[in-house]
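For reference, the structure is listed below as structure tokens.
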Amino acid sequence: MSRTQIAEYARPESLNEAWGFVAAAGPSMRLVAGGSDLTIASPPEVTRLVDLSGALSNEIRVTADGEINIGAMATLSAIAEHRTIASHASGVVAAMMTDVGSPLLRNTATIGGHLARGKLSDIIPVFIALDAEATTYTGELHTMTLAEYYDDAVNKQPHILTNIRLPPLPHATAAFLRLSRTAFDFPIINACCRVDFDGDLVTDARIVLGATPLRSQRASAAEAVVTAADLTPDGIAAAAEAARAEITTKGGWTASAEYRTHLVAVLVERCLRQIAGDGGAA
Ligand SMILES: Cc1cc2nc3c(=O)[nH]c(=O)nc-3n(C[C@H](O)[C@H](O)[C@H](O)COP(=O)(O)OP(=O)(O)OC[C@H]3O[C@@H](n4cnc5c(N)ncnc54)[C@H](O)[C@@H]3O)c2cc1C
């Protein structure tokens, strides 16, 4: 994108004012949060930028019962460094964030921009595994699960993402693993597993694969295996095999479909072994 192609730069001071720009806009308008997408894609039709920094919050608030509310303008670094998020679901969000791009990227990229962008993401599978909710503004506020935000294509409609909520998960342990060509690169594939315990008993599970290259896929059969068989070595192996069988993969320029399918089982098994407490790095 050349600087000269931008004819208008607006910085609305309220959500409603920002929505006025979105509702009236066509393909020439682009919302800007951290602005990192503009560094890699330069669509010639974009001539108007609407900066969201004056209209949206970057605050991270924790309620008394442990619910975490993240303003859409919160940077990935602020999320990674937040004290409560550091221990939420055994620290999986903070650990995953250190795999997203570089510190420079994380200092500018926002959670709202990342989720609205909605592709090749390390964050989305983790947030879906943690039952995250998204609040959008389209003249009025709507709250839905993050999975619904994508399944119902809300992310493709004119909207402003205002807030992300992570519900309290006091009995959850989670793990995230990814594979990429370099530490700075987008993922070839990733996986997040979350297991809820009552004492030693497994009460619930989430297994979500990302960048398959689809944005996210839940491995429901594998989740059922974990819930029925607990985290025994045989149960973990069976869950990894179930995930391998049910997750759809495609080939691309970084990996073949067969390689990604192989990695589904590897990553799920290693995540579940980490949760079971035997490291899972072998
Ligand atoms: C070099 C590089 C490496 C990367 N590596 C990784 C990686 O390893 N793993 C990974 O997961 N991601 C990676 N990313 C993706 C990166 O995390 C996202 O591009 C970034 O988070 C987007 O955030 P942003 O705030 O800069 O959004 P912007 O670029 O400002 O916006 C992104 C899109 O979302 C829209 N938008 C922004 N905010 C809102 C809102 N509140 N409501 C509605 N729409 C909105 C914009 O109109 C735009 O279309 C990488 C990106 C780059 C550039």
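Note that ligands are numbered from 1 as they come in the structure, with each ligand's atoms numbered from 1 the same way. Just so it is clear, the structure is predicted and the values come from calculations on it, not from any experiment.
Residues V208 and Q217 have side chains not in contact (no heavy-atom distance under 4.5 Å, counting atoms from C-beta outward). By the 4.5 Å heavy-atom criterion applied to side chains, T135 and H142 are not counted as neighbours.
Those atoms of ligand 1 that come under 4.0 Å of a heavy atom in G101, given as number and element, are 5 (N), 6 (C), 7 (C), 8 (O). Proximity to D185 (heavy-atom distance under 4.0 Å) selects the following atoms of ligand 1: 8 (O). Those atoms of ligand 1 with a heavy atom of T110 less than 4.0 angstrom away are 23 (O), 24 (P), 25 (O). Close approach of ligand 1 to S121 (heavy-atom distance below 4.0 Å) involves ligand atoms 11 (O). Those atoms of ligand 1 that come under 4.0 Å of a heavy atom in A33, given as number and element, are 25 (O), 30 (O), 37 (C), 38 (N). Set against the non-hydrogen atoms of D99, the atoms of ligand 1 under 4.0 Å away are 8 (O). Ligand-side atoms of ligand 1 in range of V32: 30 (O), range being under 4.0 angstrom from any heavy atom. Applying the 4.0 Å criterion to heavy atoms of H159 picks out, from ligand 1, the atoms 43 (C).
Between E258 and R260, no side-chain nitrogen of the basic residue sits less than 4.0 Å from a carboxylate oxygen of the acidic one, so the salt-bridge criterion is not met. The existence of a salt bridge linking R206 and D196 is excluded, since no basic side-chain nitrogen approaches an acidic carboxylate oxygen closer than 4.0 Å.
Residues T63 and D65 have side chains that bring a donor and an acceptor to within less than 3.5 angstrom of each other. A donor-acceptor contact closer than 3.5 angstrom is absent between the side chains of S216 and R218. Donor-acceptor pairing under 3.5 Å is recorded for the side chains of R11 and S53.
Nearest-residue assignment for atom 16 (C) of ligand 1 (options M29, H114, K119; heavy-atom criterion): H114. Among R30, M96, R117, the residue whose heavy atom lies closest to atom 48 (C) of ligand 1 is R30.
Contact annotation: for L105 versus ligand 1, heavy atoms closer than 4.0 Å belong to the side chain alone. Neither the backbone nor the side chain of M73 comes within 4.0 Å of ligand 1, counting heavy atoms alone. At a heavy-atom cutoff of 4.0 Å, ligand 1 is contacted by the side chain of L52 but not by its backbone. For L56, every heavy-atom contact with ligand 1 shorter than 4.0 Å involves the side chain, none the backbone.
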Q) Checking side chain to side chain donor-acceptor pair (under 3.5 Å) for the pair T261/T249: CA distance, chi angles, key distance, verdict? A) CA-CA 6 Å; T261 294; T249 61; 2.7 Å; yes
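The closest protein non-hydrogen atom to atom 15 (C) of ligand 1 is F186 CE2, 3.6 Å. For atom 11 (O) of ligand 1, the closest non-hydrogen atom on the protein side is D122 N, 2.8 Å. At the top of the distance list for atom 1 (C) of ligand 1, counting protein heavy atoms only, stands F184 CZ, 3.7 Å. Looking only at heavy atoms of the protein, atom 44 (N) of ligand 1 is closest to A116 CB, 3.3 Å. Among protein heavy atoms, the minimum distance from atom 47 (O) of ligand 1 is reached at L31 O, 2.9 Å. Of the protein's heavy atoms, D37 N, 2.8 Å lies nearest to atom 29 (O) of ligand 1. Nearest protein heavy-atom contact of atom 8 (O) of ligand 1 is R178 NH2, 2.9 Å. For atom 31 (O) of ligand 1, the closest non-hydrogen atom of the protein is G113 CA, 4.0 Å.
Nearest heavy-atom pair across T98 and R106 is O-NH1, 3.3 Å. Of all heavy-atom pairs spanning T162 and Y137, the tightest one is CG2-CB, 3.9 Å.
Looking at S36 next to ligand 1, an N or O pair under 3.5 Å apart turns up. Inclusion of L38 in the set of residues having an N or O under 3.5 Å from an N or O of ligand 1 is not warranted. Not one N or O of I123 is nearer than 3.5 Å to an N or O of ligand 1, by distance alone.
Interatomic distance, CD of E45 versus CE of M29, reported as 12.0 Å (0.5 Å rounding). Atoms CD and CD1, on E269 and I236 in that order, are 7.0 Å from each other to the nearest 0.5 Å.
Residue contacts with ligand 1: L120 is included, with a non-hydrogen atom under 4.0 Å away.
Aromatic ring centres of Y149 and H159: separated by under 6.0 Å.
Within 6.0 Å of CG in D200 there are 12 or fewer heavy atoms belonging to other residues, nucleotides or ligands.
Each of E148, R165, M144 was checked for a side chain to side chain contact (heavy atoms under 4.5 Å, CB included) with E133, and the lone residue meeting it is R165.
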